[in-house]
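To start, the structure under review is shown below, and the notes come after it.
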Amino acid sequence: MIEIEKLVYGGDGLARDDGKVVFVPFSLPGETWEGGSLAKPSPDRIEAKCSYFTRCGGCNYQHMPYELQLAAKKSILEETLARIGKLAPPAISTVSGEPWAYRNRVQLHFERGQFGFHAAGSRKLVAVNHCPISSPAIEDALASLREMRRDPKFPRFLESVELFTNETKTLVNVLETAKPVNKRFFEWCDERIPGALDSAIEYPTASGGFHVSHKSFFQVNRFLIDRLVETALEGASGDTALDLYAGVGLFSRALAEHFSNVTAVEVVRSAVADLAVNAPRTKIVQQTTEDYLAGSPAPADFVLADPPRAGLGKRVVTGLLAQKPKMLTLVSCDPATLARDLASLCEGGYAVEAMTLIDLFPQTYHIETVTRLVRS
């Protein structure tokens with residue numbers, strides 16, 4: 001018999017059994033578990049909205065009210081910063097939106113006449129008919145693909161596809177296939193899924209549409225994109241700005257409205273092409289952030305960095321410390337790498353001025369954070 005002490009990053013609850021740490025998925029603090037089964041549930045436990053919850057690897061927190069999800073993520077972020085970074089930042093503010101039907105992008109896997117998502121930590125297929133965290137257009141596309149899948153002409157060699165939508169059009173991108181997919185398949189899809197033939201879509205935001213190609217990354221929460229940009233640029237000032245890991249220019253365009261000179265650094269070719277369309281007033285450098293900073297570029301007054309899950313790393317931190325911008329904003333999707341990078345930046349002369357948890361991924365353990373640093 002074990003009792004759950006707290007939730008940890010990754011979605012599990014932590015308990016101790018004879019001094020050994022035990023991780024229990026889909027649990028809540030205060031609950032008692034025995035032999036892998038729930039013995040005494042928390043009064044906070046609720047019924048999951050999705051019938052695939054606990055089987056599909058997409059969601060972790062559907063068994064708890066949304067306000068408790070936010071509180072848990074904030075607590076996990078604070079604990080991670082203290083444990084890994086030895087940091088005690090200012091009070092963390094929280095930005096949230098609609099916790100359902102928010103995803104504009106999903107990946108589907110096909111197997112033995114079925115399609116769906118992978119189970120947590122494996123490639124085992126969990127066949128699905130719906131996904132309550134996906135947008136209405138994604139749900140419509142799932143219904144269309146389910147119907148098409150019954151047709152003998154559906155390509156049985158198709159292994160995985162990605163759906164990305166602006167709610168008017170939906171791109172259908174083949175990720176894995178045993179054989180090349182004929183154009184006729186996309187024409188067939190386009191009859192049921194408008195946009196399936198397109199190679200890019202125009203994604204609407206408060207600052208206008210963004211041209212996003214099928215190989216380019218874009219934020220998946222359709223409700224919080226504008227809030228993310230507003231939070232990341234809050235307090236930014238000066239003449240020159242640098243946007244690292246710029247992607248298709250989500251932040252670059254906004255920076256160009258506030259700064260006379262903006263440089264955007266991005267290495268992915270498709271994203272660079274989109275960036276040129278979306279932020280024409282920006283100087284674009286197609287290079288890795290590591291190599292760009294290693295070249296000792298001219299310093300900028302303000303730097304925004306939105307690195308992948310692996311974080312900045314030593315080379316980028318070293319380059320930023322050499323740049324010495326007056327203000328530096330980090331957009332992070334992993335609290336552990338954020339804590340590591342912040343510790344190094346603070347050792348190098350920066351101080352955390354503000355931190356905001358933006359919940360881009362409700363019902364999951366993922367944590368998005370915007371941190372504003374200034375030279376101390």
Side-chain angles (χ1 to χ4, degrees), residues 2 4 7-15 21-28 31 33-39 41-42 45-64 66 69 72-73 76 99-135 138-139 141-150 154-164 172-178 220-221 308-310 333-336 359-368:
I2 57 174
I4 306 300
L7 297 181
V8 295
Y9 188 67
D12 294 344
L14 182 148
V21 173
V22 179
F23 297 103
V24 182
F26 313 115
S27 60
L28 290 176
E31 289 186 335
W33 288 67
E34 184 173 13
S37 299
L38 179 59
S42 165
R45 178 174 284 271
I46 61 174
E47 184 176 353
K49 187 173 183 176
C50 180
S51 58
Y52 307 111
F53 182 60
T54 73
R55 292 186 290 140
C56 166
C59 292
N60 316 94
Y61 288 161
Q62 287 193 27
H63 60 303
M64 58 194 300
Y66 186 52
Q69 295 182 32
K73 290 184 180 185
I76 290 169
W100 300 102
Y102 65 86
R103 284 197 69 98
N104 59 27
R105 189 189 297 262
V106 299
Q107 291 185 6
L108 294 175
H109 305 279
F110 296 81
E111 185 180 310
R112 298 188 303 275
Q114 296 179 314
F115 70 83
F117 305 119
H118 282 156
S122 79
R123 292 182 64 85
K124 180 180 178 182
L125 184 75
V126 178
V128 304
N129 291 325
H130 63 89
C131 175
I133 66 171
S134 294
S135 76
I138 294 289
E139 288 281 69
L142 292 179
S144 296
L145 286 172
R146 185 169 64 252
E147 180 182 348
M148 294 169 63
R149 186 68 175 166
R150 301 189 188 105
F154 192 93
R156 304 295 162 179
F157 49 81
L158 190 61
E159 297 173 358
S160 67
V161 301
E162 181 181 71
L163 304 176
F164 174 49
V172 178
N173 309 319
V174 172
L175 301 179
E176 296 176 287
T177 180
V220 303
N221 190 310
R309 197 170 302 279
C333 59
D334 187 284
D359 195 29
L360 297 184
F361 309 98
Q363 317 306 329
T364 80
Y365 69 82
H366 297 290
I367 299 174
E368 190 87 4

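Please read all numbers here as calculations on a predicted model, not as lab measurements. Keep in mind that the numbers below use all heavy atoms, side chains included, and drop hydrogens, waters and symmetry copies.
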Can you see which heavy atom on [X] is nearest to which on [Y], and at what distance?
X    : Y    : answer
D359 : N221 : O-ND2, 3.8 Å
G116 : V128 : CA-CG2, 3.8 Å
R45  : L38  : NE-CD2, 3.6 Å
N60  : G11  : CB-CA, 4.2 Å
Y9   : I367 : CD1-CD1, 4.0 Å

What distance do [X] atom [atom1] and [Y] atom [atom2] have between them, rounded to the nearest 0.5 Å?
X    : Y    : atom1 : atom2 : result
S135 : W100 : OG    : CH2   : 15.0 Å
L7   : F23  : CG    : CZ    : 11.5 Å
E176 : L158 : CD    : CG    : 9.5 Å
Q62  : Q69  : CD    : CD    : 8.0 Å
F361 : Y102 : CZ    : OH    : 7.5 Å
R156 : E111 : CZ    : CD    : 13.5 Å

Within a strict 4.5 Å, meaning less than it, do heavy atoms of the [X] and [Y] side chains meet?
X    : Y    : answer
M64  : S42  : no
L145 : V172 : no
V220 : L360 : no
P99  : Q363 : yes
V161 : N173 : no

Go through the steps to decide whether R149 and F110 satisfy the test side chain to side chain contact (heavy atoms under 4.5 Å, CB included), and finish with yes or no. CA-CA 10 Å; R149 186 68 175 166; F110 296 81; 3.9 Å; yes

Determine, using ring centers only, whether F115 and F154 are less than 6.0 Å apart. no

Can the ring centroids of Y365 and Y61 be said to lie less than 6.0 angstrom from one another? no

Under the side chain to side chain contact (heavy atoms under 4.5 Å, CB included) rule, what do I138 and R103 come out as? Steps first, then yes or no, please. CA-CA 8 Å; I138 294 289; R103 284 197 69 98; over 6 Å; no

Steps toward side chain to side chain contact (heavy atoms under 4.5 Å, CB included) verdict (V106, I133): CA-CA 10 Å; V106 299; I133 66 171; over 6 Å; no

Hey, does the side chain of [X] reach the backbone of [Y] with a donor-acceptor pair shorter than 3.5 angstrom?
X    : Y    : result
E139 : C131 : yes
K73  : E368 : no
Y52  : N129 : yes

Have a look at S27 and tell me which of I2, I4, D12 forms a side chain to side chain contact (heavy atoms under 4.5 Å, CB included) with it. I4

